[in-house]
Trainee: 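One structure, pasted below without further comment.
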Amino acid sequence: MSFRLKTVLGIALIELTVMAVLIAINQFALGGSATTQLYQRAEATARVFANTVADAVIATDLATLDATIETAVSSEELTYLRVKHPSGVVLSQGGVETALAAPFVRDASFDDARSDHLIDIDLPIEVEGSTFGTLELGLSTLAVEKELAQALFWNILIAVIGMSLVAVFGFGLGTLLTQQLQWLRQGALDVAHGNLQSQIEVKGRDELADTAKCFNHMSKTLARDRRILQDQQDELLAKRARVEVLVGCLRDISQRSATIDVPDTDRTDEIGDMARATVVFQHAMQAIEQAGREQQQLISAFDQVEEQVAIFTEDGQVLFLNAAFRSFNKDILADLPSDFCLRSFLETGLEQSAFPGVEDPATWVDDQIQRGHGIPREVRRNPDRILLTVQSYVDGIGTVLSAKDITDLRQSEHQLIHASKLATLGEMATGVAHELNQPLGVIRMASTTCVKRIDRDKAEIDYLRGKLIRIGEQTERASQIINHMRIFGRKAEGVNHPFDLRDSLQEMSALARTQLHTLDIALKLAIPETEATVVGEKVIFEQVLLNLISNARDAIEAGEAGEGQISISAEFATDQGHVIEVRDTGGGIPEDVLDKLFEPFFTTKGPGKGTGLGLSISFGTIRDMAGSISATNQDGGACFRIVLPDAGHGLHSLSA
Ligand code: ADP
């Protein structure tokens, strides 16, 4: 229901109520007074006629009575008039026949008369207290009722006219009031349909006008905000288009590895940031590709090298194996998953007996994994191979394990050492012969004297016994010399064992002393009495000592004095380890060759005399024992210092 209709209906309802009340009051007041007056008039008329006809009734003058009644009923109001004798006999009557014919019933009020539209009233005709008859009278109520009906008609007509006017005015007022609301509604619909320019005509200064102003302000604000939004949307769409271009660039860079001219890098907004980030991404991609190429080159380079290379992550998981590693260890790798770790590699190798000579597998595996950085170790591999392995830790990558097959090198070294020993033996031959000559001379002389005594029968038994004991002692001495030479002539086995340094130092000194003695070179040995255990191949280590003694001898012999002294001293279990020093009085090493001494084939000796291999082999031997050797000049001679780690308390950590 519209606001206007509600207004009209509301006003009409009020009007209807008011009019109904007014009409009711009017009708009540009008009807009440008219009917009362009519009833009173009927009573008054009855009294007048009762007085008028009293004389005629007393006189029983019926003619006068009839004339009076005829005159009376000729008026329109009086419907009938009847005069009765106290006996009930009608003396005279006149008026409307139907009314006269109806039985008389007195009406006590106007309302009783409504049924027959007659006020029926009777009155006794009395004179001086005596009743002579009864007057009955019927007064018509039609005139009054007609007047009342007309009044009601006019009231209703006025009410209808009033209501119509109210309806018309109400409609006009409603229309006036709802006009602004209509505009507001239309404006709201316009806004709803997107026409934010819609403005409402503002009329007057009432609340609706205020509402219209608010609406206009609202639509202006909305229009402004929409413009801003539209601008922002346009801007965003433009940026989105640029972003799509940049995303395309990123895709091309990542998919096709293409070098692309990235647009918008000079912009100062987010697109510019993104464009510059894209350029950075392109550079990063190029760097990654370059790194990938270099990695590939590195891998192929690693694959080319003969040395085995394996790289494990910091967690111990395999990262890379070069071709040499894969080929050499193919049997172990066949039993491993692709993501194996260093521990499982070693354990699988042990299960396959690929690492011979390992006494305690669990400790050995742990020891291999926790090896020192960059320290070379020999590892034996079946069948009969020796690998020189180095384990290095590279920050950010993990463990790099390299292994070089040095079996052939070791064999050559052993051959060299053996050849060198034989050479040493050869050099010693003169001295040995001299040394052997002495006991042999003693034996010869003792046996000759014994034979002479026996021939002369002067061979007392005690004399012979003494000589034979002397012969036995000399034989023992000769046998010791020969034993020394035999031990020294042994071939190296290529197996490391713990041994006491003192034994080697004493045995080699004894062996060398034999020869040096003939050359007037004294050999002094000063070593502690405590045990000094090291791990290595004893025979090879002894060759190092003999090399140093031989070089010292050569230096002394080359000197002008021709005689000299070699001192071998030792200090065991120092902070650095066991320290051995071999000094001589041969004049020292020229300063300019000090740093070349340990290079292979470096020699200052003449052709046929020096090979230049003695010190380089010694260097390798000491290095393999995890020790060091260095040379200095001291007190008019050379001093070679050897430092070896103690193996007395931790054989495993040093045993390789
Ligand atoms: P070789 O003895 O066959 O020359 P080495 O490797 O044993 O080979 O020695 C290399 C060089 O070192 C020698 O030629 C010599 O010049 C020098 N040298 C070694 N020991 C001494 C020493 N005790 N005194 C002086 N020079 C020495």
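Just so it is clear, the model here is predicted, and its values are computed rather than measured. All residue numbers refer to positions in the sequence shown, counting from 1. When a ligand or atom number is given, it counts from 1 through the structure's own listing order.
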Trainee: Quick check on the 6.0 Å ring-centre criterion: do F312 and Y393 meet it?
Mentor: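 No, too far apart.
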
Trainee: How far is atom 5 (P) of ligand 1 from its nearest protein heavy atom, and which residue and atom is that?
Mentor: L615 N, 3.6 Å

Trainee: By number and element, which atoms of ligand 1 are closer than 4.0 Å to a non-hydrogen atom of L597?
Mentor: 12 (O), 17 (C)

Trainee: Heavy-atom count around D408 CG within 6.0 Å, excluding the residue itself: above 12?
Mentor: yes

Trainee: For atom 2 (O) of ligand 1, what's the nearest protein heavy atom and its distance?
Mentor: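 Closest protein heavy atom to atom 2 (O) of ligand 1: K605 NZ, 2.5 Å.
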
Trainee: Answer yes or no: is there an ion pair linking E460 with R453, defined by an N-O contact shorter than 4.0 Å?
Mentor: yes

Trainee: Is a side-chain donor or acceptor of N547 paired with a backbone partner of G614 at a separation under 3.5 angstrom?
Mentor: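 At least one qualifying donor-acceptor pair exists.
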
Trainee: When only distance counts, is D554 in polar contact with ligand 1, meaning an N/O pair under 3.5 Å?
Mentor: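 Not met; the criterion fails.
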
Trainee: Please walk me through it: do R377 and D624 pass salt bridge (charged side-chain N to carboxylate O under 4.0 Å, His left out)?
Mentor: CA-CA 7 Å; R377 261 188 208 184; D624 294 348; over 6 Å; no

Trainee: Determine whether K538 and E507 satisfy the following criterion, salt bridge (charged side-chain N to carboxylate O under 4.0 Å, His left out), listing intermediate values before the conclusion.
Mentor: CA-CA 11 Å; K538 189 179 174 199; E507 283 167 16; 3.7 Å; yes

Trainee: Which part of F598 is near ligand 1, with near meaning a heavy atom under 4.0 Å away: side chain, backbone, both or neither?
Mentor: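 None of F598 does.
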
Trainee: How far is atom 13 (C) of ligand 1 from its nearest protein heavy atom, and which residue and atom name does that atom have?
Mentor: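 The closest heavy atom on the protein side is T604 OG1, 3.9 Å.
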
Trainee: Using heavy-atom distances only, which candidate in G612, A631, G614, S616 approaches atom 1 (P) of ligand 1 most closely?
Mentor: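 Heavy atom nearest to atom 1 (P) of ligand 1 belongs to G612.
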
Trainee: Please list, in number order, the atoms of ligand 1 under 4.0 Å from a heavy atom of G588.
Mentor: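 In order of numbering, the contacting atoms are 25 (C).
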
Trainee: Checking a contact table here: which protein heavy atom is nearest atom 23 (N) of ligand 1, and how many Å away?
Mentor: D584 OD2, 2.8 Å

Trainee: Please state which part of L548 comes within less than 4.0 Å of ligand 1, counting heavy atoms only: side chain, backbone, both or neither.
Mentor: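 Looking at L548 and ligand 1, no heavy atom falls under 4.0 Å.
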
Trainee: Let me see the working for D455 and K452 under salt bridge (charged side-chain N to carboxylate O under 4.0 Å, His left out), right down to the final yes or no.
Mentor: CA-CA 5 Å; D455 288 346; K452 278 182 183 170; over 6 Å; no

Trainee: If only side-chain N and O atoms count, and only distance matters, is there a donor-acceptor pair under 3.5 Å linking R583 with S569?
Mentor: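 No, no side-chain donor-acceptor contact under 3.5 Å.
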
Trainee: Using a 6.0 Å distance limit plus a 45 degree cone around the ring axis, check whether R380 lies over the aromatic ring of F355.
Mentor: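 Judged by the rule (NZ or CZ under 6.0 Å from the ring centre, within 45° of its axis), R380 is not positioned above F355.
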
Trainee: Mark up the atoms of ligand 1 that fall under 4.0 Å of a heavy atom belonging to A638, in ascending order.
Mentor: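 With A638 as reference, the close atoms of ligand 1 come out as 22 (C), 23 (N), 24 (N).
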
Trainee: Considering only protein heavy atoms, which is closest to atom 10 (C) of ligand 1, and at what distance to one decimal place?
Mentor: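 Going atom by atom, the protein heavy atom closest to atom 10 (C) of ligand 1 ends up being F602 O, 3.2 Å.
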
Trainee: So which protein heavy atom does atom 4 (O) of ligand 1 come closest to, and at what separation?
Mentor: T603 OG1, 2.5 Å

